K.L.:
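Below is the structure I would like to discuss, written out as structure tokens.
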Amino acid sequence: FREAFERGEDPLADVTDASDINSVCGVLKLYLRELREPVFSVQYFDQFMDLARAHPPPIITQNKEKKLESKHEFVLKVRDLVQSWPRSIFVVMRYIFAFLNHLSDYSDENMMDPYNLAICFGPTLVPIPTDRDQVQFQNLVNELIKNFI
């Protein structure tokens, strides 16, 4: 699959059953994992984790930090942060999340709601720096990616 995609071919053109779609997701994750720099640069990790803490799922309420009051405010904060990114990174990010959002629209069929997609793609899109507690930050990464989707 990967070699066919890299040649610009459509490896699924002649496929009649949907079982190979998992391979497509695997190729996407592999591609993202092999980038020299992750889509979300490590230099922004702390800022993204602050956003995730400020917009937690209902069960994470132990933080006394000001919670974002709406998804709209979350979007505005993210926009402020990514405006300094190179255009190429921003465009890639936009396409990835548009695709993941589209995929989640069919979650009743594919079982991939935004949170499940975040679990699958979060570690690849937002790798946790090695000097950080992986367990502590993984839930925040998942929540961040879920909110992006």
Side-chain angles (χ1 to χ4, degrees), residues 1-15 17-58 60 67-68 70-149:
F1 275 122
R2 179 180 173 188
E3 291 170 4
F5 277 119
E6 288 178 355
R7 288 190 307 265
E9 299 170 6
D10 182 356
L12 298 175
D14 298 325
V15 174
D17 79 51
S19 63
D20 286 329
I21 196 68
N22 294 329
S23 299
V24 174
C25 289
V27 169
L28 177 59
K29 284 175 54 176
L30 179 64
Y31 169 78
L32 294 171
R33 197 176 315 128
E34 290 180 349
L35 292 173
R36 280 180 280 152
E37 287 287 323
V39 174
F40 291 87
S41 176
V42 175
Q43 72 183 4
Y44 297 106
F45 182 80
D46 290 327
Q47 291 167 297
F48 278 124
M49 292 304 96
D50 289 344
L51 277 174
R53 283 186 195 101
H55 199 272
I60 300 179
K67 307 296 181 218
L68 296 178
S70 68
K71 292 261 187 195
H72 179 71
E73 189 176 346
F74 175 78
V75 169
L76 293 176
K77 299 274 186 187
V78 169
R79 187 186 67 192
D80 291 344
L81 183 58
V82 301
Q83 281 182 338
S84 64
W85 290 8
R87 179 158 170 71
S88 59
I89 297 295
F90 181 76
V91 169
V92 167
M93 184 180 82
R94 201 170 83 194
Y95 276 103
I96 289 170
F97 285 106
F99 169 71
L100 293 176
N101 179 274
H102 179 72
L103 194 58
S104 74
D105 287 342
Y106 297 93
S107 64
D108 57 331
E109 298 169 31
N110 62 24
M111 307 301 285
M112 297 305 286
D113 63 16
Y115 190 73
N116 287 340
L117 289 167
I119 289 170
C120 291
F121 285 92
T124 303
L125 293 170
V126 185
I128 301 167
T130 56
D131 64 336
R132 304 296 176 88
D133 181 352
Q134 302 292 307
V135 175
Q136 175 187 354
F137 284 100
Q138 194 57 61
N139 284 339
L140 289 173
V141 167
N142 293 345
E143 191 60 27
L144 176 75
I145 298 301
K146 181 190 85 168
N147 284 329
F148 276 26
I149 295 170

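Here the structure is a predicted model, which is why all the values come from computation and not from measurement.
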K.L.:
How far apart are the C-alpha atoms of Arg79 and Leu76, what are their side-chain angles, what is the distance that settles it, and do they pass the side-chain contact (heavy atoms from CB on, under 4.5 Å) test?
P.N.:
CA-CA 5 Å; Arg79 187 186 67 192; Leu76 293 176; 3.6 Å; yes

K.L.:
Would you say Glu143's side chain and Tyr115's backbone share a donor-acceptor pair under 3.5 angstrom?
P.N.:
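The answer is no, because no donor-acceptor pair under 3.5 Å joins these two groups.
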
K.L.:
Does Arg87 have more than 12 heavy atoms from other residues, nucleotides or ligands lying within 6.0 Å of its CZ?
P.N.:
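Result for CZ/Arg87: open.
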
K.L.:
Can you name the nearest heavy-atom pair linking Asn101 to Ile149, along with the distance?
P.N.:
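Closest heavy-atom pair between Asn101 and Ile149: ND2-O, 2.7 Å.
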
K.L.:
Do Phe121 and Leu28 have side-chain heavy atoms sitting under 4.5 Å apart?
P.N.:
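With C-beta onward as the side chain, the pair touches.
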
K.L.:
Looking at CG of Asn116 and CG of Leu100, how far apart are the two atoms once the value is rounded to the nearest 0.5 Å?
P.N.:
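The CG atom of Leu100 is 12.0 Å from CG of Asn116, to the nearest 0.5 Å.
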
K.L.:
Can you see which heavy atom on Ser104 is nearest to which on Asp113, and at what distance?
P.N.:
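It is CB-C, 4.2 Å.
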
K.L.:
Measuring from atom CG of Asn142 to atom CG of Asn147, what distance do you get when rounded to the nearest 0.5 angstrom?
P.N.:
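Asn142 CG to Asn147 CG: 11.0 Å, rounded to 0.5 Å.
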
K.L.:
Check step by step if side-chain contact (heavy atoms from CB on, under 4.5 Å) holds for Val141 and Phe45.
P.N.:
CA-CA 9 Å; Val141 167; Phe45 182 80; 4.2 Å; yes

K.L.:
Is any side-chain heavy atom of Leu125 closer than 4.5 Å to one of Leu32?
P.N.:
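Counting from C-beta outward, Leu32 and Leu125 do come under 4.5 Å.
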
K.L.:
For Pro38 and Thr124, which heavy atoms make the closest approach, and how far apart are they?
P.N.:
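Residues Pro38 and Thr124, closest heavy atoms: CB-O, 4.4 Å.
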
K.L.:
Which heavy atom of Ile145 sits nearest to which heavy atom of Val126, and what is that distance?
P.N.:
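Shortest heavy-atom separation between Ile145 and Val126 comes out as CD1-CG2, 3.7 Å.
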
K.L.:
When you look at Phe148 and Phe40, which way does the ring-ring contact (aromatic ring centres under 6.0 Å, His included) test go after all the steps?
P.N.:
CA-CA 12 Å; Phe148 276 26; Phe40 291 87; 5.4 Å; yes

K.L.:
Closest approach of Met49 and Leu144, non-hydrogen atoms and distance?
P.N.:
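In terms of heavy atoms, the two residues are closest at CE-CD2, 4.2 Å.
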
K.L.:
So Leu117 and Phe97, do their side chains get closer than 4.5 Å, heavy atoms only?
P.N.:
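Of all side-chain heavy-atom pairs linking Leu117 with Phe97, none is under 4.5 Å.
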
K.L.:
Arg132 and Asp46: which non-hydrogen atoms are nearest, and at how many Å?
P.N.:
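Nearest pair, atom of Arg132 first, then Asp46: NH1-OD1, 2.7 Å.
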
K.L.:
Could you check whether Arg53 pairs with Asp50 (Lys NZ or Arg NE/NH1/NH2 to Asp/Glu carboxylate O, under 4.0 Å)?
P.N.:
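Between Asp50 and Arg53 there is a salt bridge, with a charged N closer than 4.0 Å to a carboxylate O.
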
